[in-house]
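What you see is a predicted model; the values in this text were computed from it and never measured.
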Amino acid sequence: MTDRPLRPEFVMTLSCPDAPGLVFAITGFLREYGANILDLQQHSDRSSGRFFIRVQIEFLDAAPELASMRAAFASVAASYDMDYSITDAATPARTLILVSKFGHCLNDLLFRHRNGTLNIDVPVVVSNHEDMRAMVESYGIAFEHIPVTKDTKAQAEAAMFALVEKYDVELVVLARYMQILSAEASARLAGRAINIHHSFLPSFKGAKPYHQAHDRGVKIIGATAHYVSDVLDEGPIIEQDVARADHGMTPEDLVAVGRDVETQVLARAVKWHCEHRIFVNGHRTVVFR
Ligand SMILES: Nc1nc2c(c(=O)[nH]1)N[C@@H](CN(C=O)c1ccc(C(=O)N[C@@H](CCC(=O)O)C(=O)O)cc1)CN2
């Protein structure tokens, strides 16, 4: 068992048009910069012609200033038209959670945040109902009630974005939030708003998917975590899972079985987003789990 001290770790992610020599260029830069590669995952998507890579690194000596490292990589990035980021793996993602009346996903995320298994900071939870206030405040987290009607949606979204700005929020999680975000809001949050849909998409989009599933007599139900887009339940899928159903189960039984699937799927999606493991690739994703 080594007693080697754990060193700070950093994550480099990038995507670019696929080309020969990319891994050489990236790993050569990292070597020159004194980085030790702990983990490297890459994918070349032949259909989109895009290359994706995630590199986890440490420095055997003192870690450099991130800004200087990012600036030093800029010339390599320009050569290959790379979209890149270099981040400190320990930095938590400032996360605003949206919820309506069903609190199982919210409670699961707050518990994982509390026990340190989810690297997020939650400055505020926002809801269009009051039901979750007591639970949220029991975690010592601010709760903001922002009611929404079809006539007040624009004002409600403006209030939500005021909180996004106030708390410098990086990630918005729709933890069973039952209001459809406007096209403008979806665009502003592209790639940084995750929704949990309570069906195995693309089956049963929209409202009451468990009732739709019961009417169809399915033998499998599921949950899907996806980035939010302006087209309801059609954003890039991040993670999915399923559970068995049978003829003896009522819609309420399906709801009960589905809760655990929803919480686990959403937690994995949020964790992977916070660890910079997810790339949006058109209407799909690449996930380096
Ligand atoms: N722009 C988006 N907003 C939201 C999405 C999305 O994919 N894109 N997902 C939903 C969550 N959701 C299912 O997971 C969902 C929520 C609400 C409804 C719905 O039809 N609700 C109301 C209408 C509410 C409104 O008009 O705002 C209804 O029941 O009639 C369907 C699916 C979250 N937002």
Closest non-hydrogen atoms of Ile194 and Tyr227, given as atom of the first, atom of the second and distance, are CG1-CE2, 3.7 Å
Report yes or no: do Leu232 and Leu174 belong to one cluster of Ile/Leu/Val/Met/Phe/Trp/Tyr joined by side chain heavy-atom distances under 4.5 Å? no
Please tell me if the side chains of Asn195 and Tyr177 come closer than 4.5 Å, counting only heavy atoms from C-beta onward. no
Please answer whether the main-chain N or O of Val122 pairs with a side-chain N or O of Thr95 as donor and acceptor at a distance below 3.5 Å. no
Could you go through the side chain to side chain contact (heavy atoms under 4.5 Å, CB included) check for Thr250 and Asp253 one step at a time? CA-CA 5 Å; Thr250 66; Asp253 293 331; 3.1 Å; yes
Set out, in order, the CA-CA distance, both residues' side-chain angles and the distance that settles side-chain hydrogen bond (donor to acceptor under 3.5 Å, both in side chains) for His276 and Thr87, then state yes or no. CA-CA 9 Å; His276 312 282; Thr87 53; 3.3 Å; yes
Exam field: side chain Glu262 to backbone Ala175, donor-acceptor pair closer than 3.5 Å: no
Ring-ring centroid check Phe10 Phe59, cutoff 6.0 Å: yes
Do the side chain of Lys153 and the main chain of Ile180 share a donor and acceptor less than 3.5 angstrom apart? yes
Euclidean distance, Leu98 CG relative to Leu106 CG, rounded to 0.5 Å: 10.5 Å
Distance-only, no hydrogens or angles: does the Arg94 side chain make a donor-acceptor pair with backbone N or O of Pro123 under 3.5 Å? no
Nearest 0.5 Å, please: how far is CD in Gln155 from OG1 in Thr149? 8.0 Å
Does a sphere of radius 6.0 Å around CZ in Phe111 hold more than 12 heavy atoms from other residues, nucleotides or ligands, not counting ones at 6.0 Å or beyond? no
Any side-chain heavy-atom pair from Leu96 and Tyr167 closer than 4.5 angstrom? no
Output the distance between atom CG (Asn36) and atom CZ (Arg31), rounded to the nearest 0.5 Å. 12.0 Å
Can you hop from Ile220 to Phe200 via hydrophobic side chains spaced under 4.5 Å? yes
Please find the pair of heavy atoms, one from Gly191 and one from His273, that lie closest to each other, and give the distance. O-CE1, 3.3 Å
Of all the heavy-atom pairs spanning Met69 and Pro64, show the shortest one and how long it is. SD-CG, 4.2 Å
Closest approach of Cys274 and Ile120, non-hydrogen atoms and distance? SG-CG2, 3.4 Å
For the NZ atom on Lys166, are there more than 12 heavy atoms of other groups (residues, nucleotides or ligands in this structure) within a distance under 6.0 Å? no
Side chain to side chain contact (heavy atoms under 4.5 Å, CB included), that's the test. Do Arg259 and Gln264 meet it? Break it down for me. CA-CA 9 Å; Arg259 281 195 201 102; Gln264 290 172 19; over 6 Å; no
How many angstroms lie between CD1 in Ile57 and CG in Leu30, if you round to the nearest 0.5 Å? 5.0 Å
When rounded to the nearest 0.5 angstrom, what is the spacing between CE in Met249 and NZ in Lys219? 10.5 Å
Pair Arg50 + Asp83, salt bridge at N-O below 4.0 Å: yes
Does a side-chain heavy-atom distance below 4.5 Å link Val148 with Glu157? no
Do the side chains of Glu165 and Arg188 get close enough for a salt bridge, i.e. N-O under 4.0 angstrom? yes
So do Val169 and Leu163 actually touch side chain to side chain, heavy atoms under 4.5 Å? no
Heavy-atom pair of closest approach, residues Val99 and Ser127: O-OG, 2.7 Å
For the residue pair Thr152 and Pro147, establish whether any side-chain heavy-atom pair is separated by less than 4.5 Å. no
With a 4.5 Å limit on heavy-atom distance, are the side chains of Glu275 and Asn119 in contact? no
Gly103 and Met132: which non-hydrogen atoms are nearest, and at how many Å? CA-SD, 3.6 Å
Under the 3.5 angstrom rule, does the side chain of Gln179 hit a backbone N or O of Lys150 as a donor-acceptor pair? no
Separation of Ile196 CD1 from Phe102 CZ (nearest 0.5 Å): 14.5 Å
Is it true that atom CZ of Phe73 has more than 12 heavy atoms of other residues, nucleotides or ligands lying nearer than 6.0 Å? yes
Could you walk me through whether Gln41 and Arg277 pass the side chain to side chain contact (heavy atoms under 4.5 Å, CB included) check? CA-CA 9 Å; Gln41 294 174 279; Arg277 295 182 180 275; 3.6 Å; yes
Cluster overlap Phe161 with Val228, hydrophobic side-chain contacts below 4.5 Å: yes
Please say whether the positively charged group of Arg216, taken as NZ for Lys or CZ for Arg, lies over the ring of Phe204, i.e. under 6.0 angstrom from the six-membered ring centre and within 45 degrees of the axis. no
Kindly indicate whether the side chain of Met135, heavy atoms from C-beta on, has any atom under 4.5 Å from the side chain of Leu110. yes
With a 6.0 Å cut-off (strictly less than), is the heavy-atom count around NE2 of His283, excluding the residue itself, greater than 12? no
As a quick check of understanding, evaluate side-chain hydrogen bond (donor to acceptor under 3.5 Å, both in side chains) for Asn115 and Thr117, giving each step before the final call. CA-CA 6 Å; Asn115 73 14; Thr117 56; 2.6 Å; yes
Carefully, step by step, assess Arg176 and His198 under the rule side-chain hydrogen bond (donor to acceptor under 3.5 Å, both in side chains). CA-CA 8 Å; Arg176 291 300 302 277; His198 37 312; 3.2 Å; yes
For atom CZ of Arg133, decide whether the heavy atoms of other residues, nucleotides or ligands shown that lie under 6.0 angstrom number more than 12. yes
Within one Ile-Leu-Val-Met-Phe-Trp-Tyr cluster: Val280 and Val173, side-chain cutoff 4.5 Å: yes
For the residue pair Leu14 and Phe51, establish whether any side-chain heavy-atom pair is separated by less than 4.5 Å. yes
Please check: side-chain N/O of Thr285 versus main-chain N/O of Val287, any donor-acceptor pairing under 3.5 Å? no
Let me check something: do Val126 and Leu109 share a hydrophobic cluster, defined by ILVMFWY side-chain heavy atoms less than 4.5 Å apart, either directly or through other members? no
Any donor-acceptor N/O pair, Glu58 side chain to Leu38 backbone, under 3.5 Å: no
Pairing residues for Asp108 by the salt bridge (charged side-chain N to carboxylate O under 4.0 Å, His left out) criterion, not counting sequence neighbours: Arg112
Before giving the answer on side-chain hydrogen bond (donor to acceptor under 3.5 Å, both in side chains), spell out for His197 and Ser199 the whole-Å C-alpha distance, their side-chain angles and the decisive distance to 0.1 Å. CA-CA 6 Å; His197 181 72; Ser199 82; 3.1 Å; yes
Are a donor atom and an acceptor atom from the side chains of Thr263 and Asp260 found within less than 3.5 Å of each other? no
Test side-chain contact (heavy atoms from CB on, under 4.5 Å), reference Thr13, set Phe288, Tyr84, Phe279, output is Phe279
Is there a side chain to side chain contact (heavy atoms under 4.5 Å, CB included) between Thr91 and Glu170? Walk through the geometry before answering. CA-CA 12 Å; Thr91 302; Glu170 301 166 79; 5.5 Å; no
